[in-house]
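Since the structure comes first, as structure tokens, the remarks are kept for the end.
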Amino acid sequence: MREYRNTLFRYRGSPAKTTSCFSDSNGLSLVSTLWILTILSVLAMQLLYSFKLENNARRNFVDRVKYHYAAKAGFEWGIAKLRTDETNFDSLGETWAEPVQQQIDDGIQIGRMLNYQVTITDEASKININSAPEDTIRNLLGFLGVQPENSETGDLAARIVEGRPYRTVRDVARVEGMMPNILYGIQQQTVAAPETSGSEDIPPQIQTTMGGNSLVDIATVYSVDANTDSSGQQRININSANAQQLTQIRGNNNQSVFSQAEANAIIQNRESNEFSGLSALLDVPAISNQVFNNISSRITVQNNTPANNNNNGGENNQFGGGGNNQFGDEENQFGGGGNNQFGGGGNNQGDGANNGGNANSLININMADSDELQELQGVDEGIADRIIAHRNSQGQFQNINAIRNVRILTVQEFAGIVDKITTEEGQTVNGLININTAPLEILQLLPGMDQTKSQAIITRREEETQEKQQGTLGEPIRGNPFSDIGQLLDIEEIDNQTFREVVDWVTYRSHGYRIESAAVDLSGKTIAKRVGIVVRNNNQLNVPYLRQD
């Protein structure tokens, strides 16, 4: 009986052991299968994720390229807009100065449009650090908060002038004493900004720290204007023109401004001192030193003075002309110039103004009419008329030397020809400020200007008139833009002295512009940006600077 049970026990135990082996084998297979499936799932997910990343990258690249070309399309639109602008002035009242938002077809996705925004800025509305006078640079730095006595900056304006020329405004950073808060208007340290932000002269890493005013905002190196008048004719250089060219200058009434003698006076004056600016023309005397020496022995300011009894004809002279001579002129006796006696110039005798015999009477410059004045050597109708106009407005001459106070040009006449003359050689003039586009803070930095005068200019150019000026395509132009620098004198706040000081630094048009084109997505975020400088050269538009973000 015991044996049977043991056998039975062994019988029962054996099958149990066999079942356990089968179970372990199946479990291992299941676990292996699950691990393999898990690994395959992970690999599949990674593959799908990589595919998604690659697909997104490809799509983003395609979108980036599309927005890149959208920004380029906006830039080309700006060039086309400037190409159609053929007015003889540039103002904020023209259509090119208005920011626009346009669309371009996606090109890949049918029905989708890409947006771009375009802004055109006149570079002549900023201070040109390559050509502005030192005082204007100093005013500019003062506007930015730089104090002249600042020990850290010292005379920064002088060093900026010494460091010229600059390729871009940010190149001023190399000037000793130039600080980031002056150049970029930095308020505080911040994290780096995206590369797509910023403007031409602002490094991307500090773009987000810009303050309200900075040198890169209100300065430029690209302002340029044509050296022609409003009709497109080349201006006459008063430093090199001959007498014939000077007599061809015409005023607003289309009449010649300078006579032959006046042209000669200009040339004789510049031989000793070249004109540094246009306003220097207002200081040219109608009677040059050479002419005065020729006529001093023939003029007087007293009535009925006989020729051989002249006690007032010249300074400290008796019986004759200038110098300390008696009876004559410069080492002469009884007569005129040269080494003559009893007569006039050359080798003549008995022919002078103060001859002891049959001499003509002296000409009283306080009483003589135009014909009598023209009897004097070197005096023609133009100068004679100016002598008469001067004594009528200023009173009689107190002595013969006072005739030298007569000028060849009045301020009003100067205003009529200022657009037709120049002191610069070449086809272009750099650094002039456009009174039609410059803001108040720029205008008031110019020589002779202040806030009141600058505001008067802005008020004048923005006032609406009954007769609207027409643009190139016939569209009305807003405001009342200046079309001639001489029109500044029409403003009550601009007196003669202010006009003289500012006239050499302003213009009414520009030939240099900044075009900024930004391609934006539906949320208004800028995806791509194109910035460039466009310079008008006759009928061509050149791009000396271009950047794509």
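We count residues from 1, following the sequence as given. The figures here come from the full heavy-atom set of this structure, side chains too, leaving out hydrogens, waters and symmetry mates. Keep in mind it's a predicted model, so treat the numbers as computed, not measured.
Looking at Y513 and R536, their side chains do bring a donor and an acceptor atom within 3.5 Å of each other. The closest side-chain donor-acceptor pair between T459 and E463, if any, does not fall under 3.5 angstrom. No donor-acceptor contact under 3.5 angstrom links the side chains of T136 and N139, judged on distance only. S131 and N430 are not linked by any side-chain donor-acceptor pair at a separation below 3.5 angstrom, with hydrogens and angles left out of the test. For the residue pair N434 and S510, no side-chain donor N or O sits within less than 3.5 Å of a side-chain acceptor on the partner. Using modelled atom types and a 3.5 Å distance limit, the side chains of N237 and E425 yield a donor-acceptor pair. No side-chain donor from either of Q396 and R391 sits under 3.5 Å from a side-chain acceptor of the other. T95 and K81 form a side-chain donor-acceptor contact under 3.5 Å, judged by distance and modelled atom types alone.
In this structure, the side chain of R461 engages the main chain of I435 through a donor-acceptor pair within 3.5 Å. Judged purely by atom type and a 3.5 angstrom limit, S454 uses its side chain to pair as donor or acceptor with the backbone of Q444. A donor-acceptor pair under 3.5 Å is absent between the side-chain atoms of Q268 and the main chain of A265, judged by distance alone. Looking only at distances, a side-chain donor or acceptor of D380 sits under 3.5 Å from a matching main-chain atom of I383. The closest donor-acceptor contact from the side chain of D171 to the backbone of T168 lies under 3.5 Å. Under a 3.5 Å cut-off, the side chain of N227 and the backbone N or O of V429 do not form any donor-acceptor pair. Looking only at distances, no side-chain donor or acceptor of R500 sits under 3.5 Å from a matching main-chain atom of L282. The closest donor-acceptor contact from the side chain of R270 to the backbone of I238 lies under 3.5 Å. Between the side chain of N294 and the backbone N or O of Q290, at least one donor-acceptor pair lies under 3.5 Å. Side-chain atoms of S256 come within 3.5 Å of backbone N or O of T247 as a donor-acceptor pair.
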From CA spacing to verdict: side chain to side chain contact (heavy atoms under 4.5 Å, CB included), M449, I494: CA-CA 9 Å; M449 297 294 292; I494 306 297; 4.3 Å; yes
Steps toward side chain to side chain contact (heavy atoms under 4.5 Å, CB included) verdict (V379, I287): CA-CA 8 Å; V379 176; I287 304 297; 4.2 Å; yes
Side chain to side chain contact (heavy atoms under 4.5 Å, CB included) assessment of W96 paired with D122: CA-CA 10 Å; W96 65 262; D122 179 13; 4.0 Å; yes
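Annotation: side chain of V257 is in contact with side chain of L409 (closest heavy-atom distance under 4.5 Å). Between L144 and I218 the shortest side-chain heavy-atom distance falls below 4.5 Å. At least one side-chain heavy atom of I421 sits under 4.5 Å from a side-chain heavy atom of F414. Looking at D155 and R138, their side chains come closer than 4.5 Å, going by heavy atoms from C-beta outward. N496 places a side-chain heavy atom less than 4.5 Å from the side chain of L489. Annotation: side chain of S288 is not in contact with side chain of N269 (no heavy-atom distance under 4.5 Å). Residues Y545 and V221 fail the side-chain proximity criterion, which asks for heavy atoms closer than 4.5 Å. In this structure, the side chains of D504 and S279 come closer than 4.5 Å at one or more pairs of heavy atoms.
Smallest separation of non-hydrogen atoms from N364 and N366: OD1-N, 2.8 Å. Of all non-hydrogen atoms in R509 and D225, the two that sit nearest each other are NE-OD1, 2.8 Å. Scanning all heavy atoms of the two residues, the minimum distance from I160 to V175 falls at N-CG1, 4.1 Å. In this structure, T498 and G448 approach most closely via the heavy-atom pair CG2-O, 3.5 Å. Taking all atoms of both residues into account, the shortest heavy-atom contact from L156 to I182 is CD2-CD1, 4.1 Å. S91 and I477 get closest at one heavy-atom pair: OG-CG2, 4.0 Å.
A cation-pi arrangement is not found for R514 relative to Y222, the charged atom failing to lie both closer than 6.0 Å to the ring centre and inside a 45° cone about the ring normal.
Note that CG of L376 is 7.0 Å distant from CD1 of I403, once rounded to the nearest 0.5 Å. To the nearest 0.5 Å, atom CG of residue L215 and atom CG of residue L140 are 5.5 Å apart. Atom CD of residue E94 and atom CZ of residue R478 lie 10.0 Å apart, to the nearest 0.5 angstrom. Between I127 atom CD1 and L445 atom CG the span is 5.5 Å, to the nearest 0.5 Å.
None of D419, N88, D90 except one satisfies the side chain to side chain donor-acceptor pair (under 3.5 Å) rule with Y508; the exception is D419. Tested against E413 for a salt bridge (Lys or Arg N to Asp or Glu O under 4.0 Å), the candidates R386, K420, R407 yield a single pass: R386.
Within 6.0 Å of CD on Q427 lie no more than 12 heavy atoms contributed by other residues, nucleotides or ligands. Within 6.0 Å of the CD atom in Q451, the count of heavy atoms belonging to other residues, nucleotides or ligands does not exceed 12.
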